[in-house]
Amino acid sequence: MNEPNIDPKLLKPYDSKETEDHIYKLWEDSGFFNPDVCIEKGVTKKDADPFSIMLPPPNVTGVLHIGHASMLTIEDIMVRFARMKGMRTLWLPGTDHAAIATQSKVEKILEKEEGKRKTDLGREEFLKRVNKFAQESHDTIVSQMKKMGTSVDWSREAFTLDDKRNLAVRTAFKKMYDDGLIYRGHRIVNWDPKGQTVISDDEIVYEERKAKFYTFKYSSDFPISISTTRPETKVGDVAVAVNPTDERYLEYIGKTYIVENFCGVKLEVKIIGDDAVEKDFGTGALGVTPAHSQIDAEIATRHSLPTKQVINEYAKMTVGDERILNKKTTEARTVIVEWLRTEGLLEKEEEVTQNISTAERTGGIIEPLPKLQWFINVNKQIVDRDNKTLKELMLEAVRGGGINIIPDRFEKVYYNWVENLRDWCISRQIWYGHRIPVWYKGEKIYCGIEAPKEEGWSQDEDTLDTWFSSGLWTFSTLGWPDLDAPDFKTYHPTNVLETGYDIIFFWVARMILMSTYLIGQIPFKTVYLQGIVRDVQGRKMSKSLGNAMDPLEVSQKYGADAVRMSLIIGTGPGNDSKMSEDKIRAYKNYANKLWNITRFVLSNTEGIIYDENFSLYEEKEKILIEERDNLIKEITKEMEEYKFYLVGEKIYQYTWSRFADVIIEESKDIFLNGNELVKNSRAQFLLNTLVKTLKVLHPFMPFVTEEIWSMMPVQNKKLLMVERWPNL
RNA sequence: GCGCGAUUAGCUCAGUUGGUAGAGCAACUCAUUUACACUGAGAAGGUCGGGGGUUCAAGUCCCUCAUCGCGCACCA
């Protein structure tokens, strides 16, 4: 190498540790993450098309995992691409209070560190602790996001539980209440005895477990045998239902039997015929327990049967004598089975595998209980919306083509879910969250955005399902309910929602519900669903398995650019991907390759004044230019189609195997033996190609490309993050 | 029970409207003050899960089976 007059940094291998922090600071200080600043400083046209993404707010339950890193990378690629195309680009960050998840996390810590329960502290003091924890998590998350190179507009940062979002929540609730979409009802709900709260159908996780399926009679003179996996609930039976066409039982339908002593409990059992009962299942007869089974409750309603609650909120029995009273359901089950056995009533005992319902957050086994709760009616016609129901609005938004889901097979999954949707239970018996904006005074109920002025009203103790506020996210972040808020008018509907396919129901569907109903707009045009990042063996990463990869740790070790590339390449939408350190290492090498390409190009083109519009190319370069520009065209198209995994691989391929291994190799000879015209043509080509490569690669590897850009001999250059995407 | 996805080189994955299989990583051979060892050159590696069909032509379209994974429903 001749005495190079290039940046001495280039003489050493690329060091991400010395680069990434100061580059991020450069971006932040520039203000270019904020689209308003881009307009002010003249890098974006005032009337350019807007492009907006709302960051799926990470839960303030701790730290970011590799899945978050993947989310941040994909979205950052979309956003940087849009920004470089000159769009008015807003990527709005935030965090989610995650109500039940955060509360149970803090409860665990409290229990472990101080041996206290939340009730020992009281609502106010406990919430202080939760807020403190949430704040600390938030700060960690923010610093992690910065490490990954996330180009979000921090000046607009939002939190699902801050004042502005609270106003949005109260406004939305009140409107739904006034429209009769939100109602209070006494229903069988999913009760989580561990979390001491109701949860929605979607927060249930089914676990396969072995169970015993018992067949027995209530008493020796009872005419019909029934089967159950939960004998303890049978003390709450009020009927036996059979299929009305089942000849075995026809003669009994309509009769009522008194069972004087069913393990110490008196039962009054009516025999009824109901189509919901399958002849072939079990004995073809079903003991009806209206208080503790959804289906039984429905049957009971059809036949005007009474409801008899026998299990309480702590999953303990509320009837019977000392053998079962106040015992846990599982203990009572053993007692009752023993009793059946000694009485000679137990006819059969089979091993079965059954799906048991557990609470997603606490792992508690769900106990169906009758309770007074708040619900959203998804089947009520809405006058303001052409008499459509929420369900219909949700279906229409996707069916009508307004919202495009990538990959499209998830559209089917979405329809299926919406079609089977039941009323959404939105009240939670937890302290952390948006308090329900309803006040009571005697028999009177008041729902309002603000508390009633007069004395004597007390607010509902419950809080809202965290997904209620998340459902408002695309517009509560933009100034809604102020319909004239400039951000709302400019950036809604948002362009893309990028999130994991595992929360399509929880979140994507709820956002569509809220947005179409409250503002009559779709919340986003495109939904890009990403898969789960797994370990090399294909297992889900988790702390308990010890296979979790800390995005921060690997970014520190290999550079955030390398981590980003490895999260993109080989990762299509909707598919799970596998991560390994080997893969990351390969892209760390790639960052260094770029570095050395730059060293070669700059040290061999010294004295050349780079001319972007250089036209005196030799034939050889013309061919190379065509090849390169065709690739960029292809890549640009694939970027528009969200095929980032292809683009990443193609640039990698081109820069390494083509540009470095072939073009640079042959350039050595040209620079050594060529005449001035030939050398000049080649030098301009190398510089021009490096410039374009850096631009195209920037959304993927923003740090190293920005750092190299700062050393490029380009006149009047801005930061690479706001340079224009190659326009061919 | 209904539905979805996957199955391509040792591993991770591409493979657009059908035109005789590609990349990265790993392993192998060779090269060694080279822009870069965070390197280069080379070679090797696949009956595209099985079977059937459509077609001049199938990894690609259709049917079927298998294995793995997932979602929903059921769960008396």
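Everything numeric here is computed off the predicted structure, so don't read it as measured data. Quick note on labels: first sequence line is chain A, next is B, and so on, each numbered from 1.
Listed candidates were B/rC75, B/rC38, B/rC4. Nearest to the side chain of A/Lys412 is B/rC4. Side-chain proximity of A/Arg409 to B/rG15, B/rG5, B/rA35: nearest is B/rG5. Residue A/Asn355 has its side chain nearest to B/rC75 when only B/rG5, B/rC36, B/rC75 are considered. Here the nucleotide nearest the side chain of A/Pro13, chosen from B/rC38, B/rC75, B/rC13, is B/rC38. If you check B/rC72, B/rU34, B/rA14 against the side chain of A/Lys668, the one that comes closest is B/rU34. Distance from the side chain of A/Asn596 is smallest to B/rA35 among B/rC74, B/rG71, B/rA35. Looking at the side chain of A/Asp661, the nearest of the listed nucleotides B/rA14, B/rA73, B/rG40 is B/rG40. The side chain of A/Ile597 sits closest to B/rA35 out of B/rG71, B/rA35, B/rU39. Taking every side-chain heavy atom of A/Ala586 into account, B/rC25 is the closest of B/rA35, B/rC25, B/rG5. Of the listed nucleotides (B/rG5, B/rA73, B/rU39), B/rA73 has the atom at the smallest distance from the side chain of A/Tyr206.
For B/rA21 and B/rG49, the P atoms lie 15 Å apart once the distance is rounded to whole Å. B/rG1 and B/rU17: their C1' atoms are spaced 37 Å apart (whole Å). With both ends at atom P, the span from B/rG71 to B/rC65 equals 24 Å, rounded to whole Å. B/rC61 sits 33 Å from B/rA26 when the P atoms are compared, rounded to a whole Å. Rounded to a whole angstrom, the distance from the C1' atom of B/rA57 to that of B/rA43 is 31 Å. For B/rG45 and B/rC11, the C1' atoms lie 13 Å apart once the distance is rounded to whole Å.
Residue A/Lys643 places none of its side-chain N or O atoms closer than 4.0 Å to OP1 or OP2 of B/rU16. A close approach under 4.0 Å does occur between a side-chain nitrogen or oxygen of A/Arg599 and OP1 or OP2 of B/rC36. Proximity of A/Asn416 to the phosphate of B/rG71: no side-chain N or O atom is located under 4.0 Å from OP1 or OP2.
Ring planes of A/Phe644 and A/Tyr642: perpendicular class, angle over 60° (limits at 30 and 60°).
In this structure B/rC61 sits in a base pair with B/rG53, meeting the Watson-Crick or G-U test at under 3.5 Å. In a base pair of the Watson-Crick type (N1 to N3 plus N6-O4 or O6-N4) or a G-U wobble (N1-O2 and O6-N3), with each distance short of 3.5 Å, B/rA6 is matched with B/rU67. Nucleotide B/rG24 is matched to B/rC11 when pairs are restricted to Watson-Crick or G-U wobble geometry with both distances under 3.5 angstrom. Across all strands shown, B/rU16 remains unpaired; no Watson-Crick or G-U wobble contact has both distances below 3.5 Å. Pairing for B/rC38 is absent, with no Watson-Crick or G-U wobble pair whose two atom distances lie under 3.5 Å.
In terms of polar N and O atoms assigned as donor or acceptor, the side chain of A/Lys593 comes within less than 3.5 Å of the base of B/rC36 in a complementary pairing.
Few gaps surround NZ on A/Lys391; more than 12 heavy atoms of other groups in view lie less than 6.0 Å from it.
With salt bridges taken as basic N to acidic carboxylate O contacts below 4.0 Å, one links A/Arg534 and A/Asp576. Electrostatic pairing of A/Glu232 and A/Arg333 counts as a salt bridge here, judged by a charged N lying under 4.0 Å from a carboxylate O. Using a 4.0 Å cut-off between a side-chain N of Lys or Arg and a carboxylate O of Asp or Glu, A/Asp192 and A/Arg361 do not qualify as a salt bridge. In this structure, A/Glu350 does not pair ionically with A/Lys212, as no charged nitrogen and carboxylate oxygen lie closer than 4.0 Å.
Residue contacts for A/Phe213: at a heavy-atom cut-off of 4.0 Å it reaches the sugar-phosphate backbone alone, with no base atom in range.
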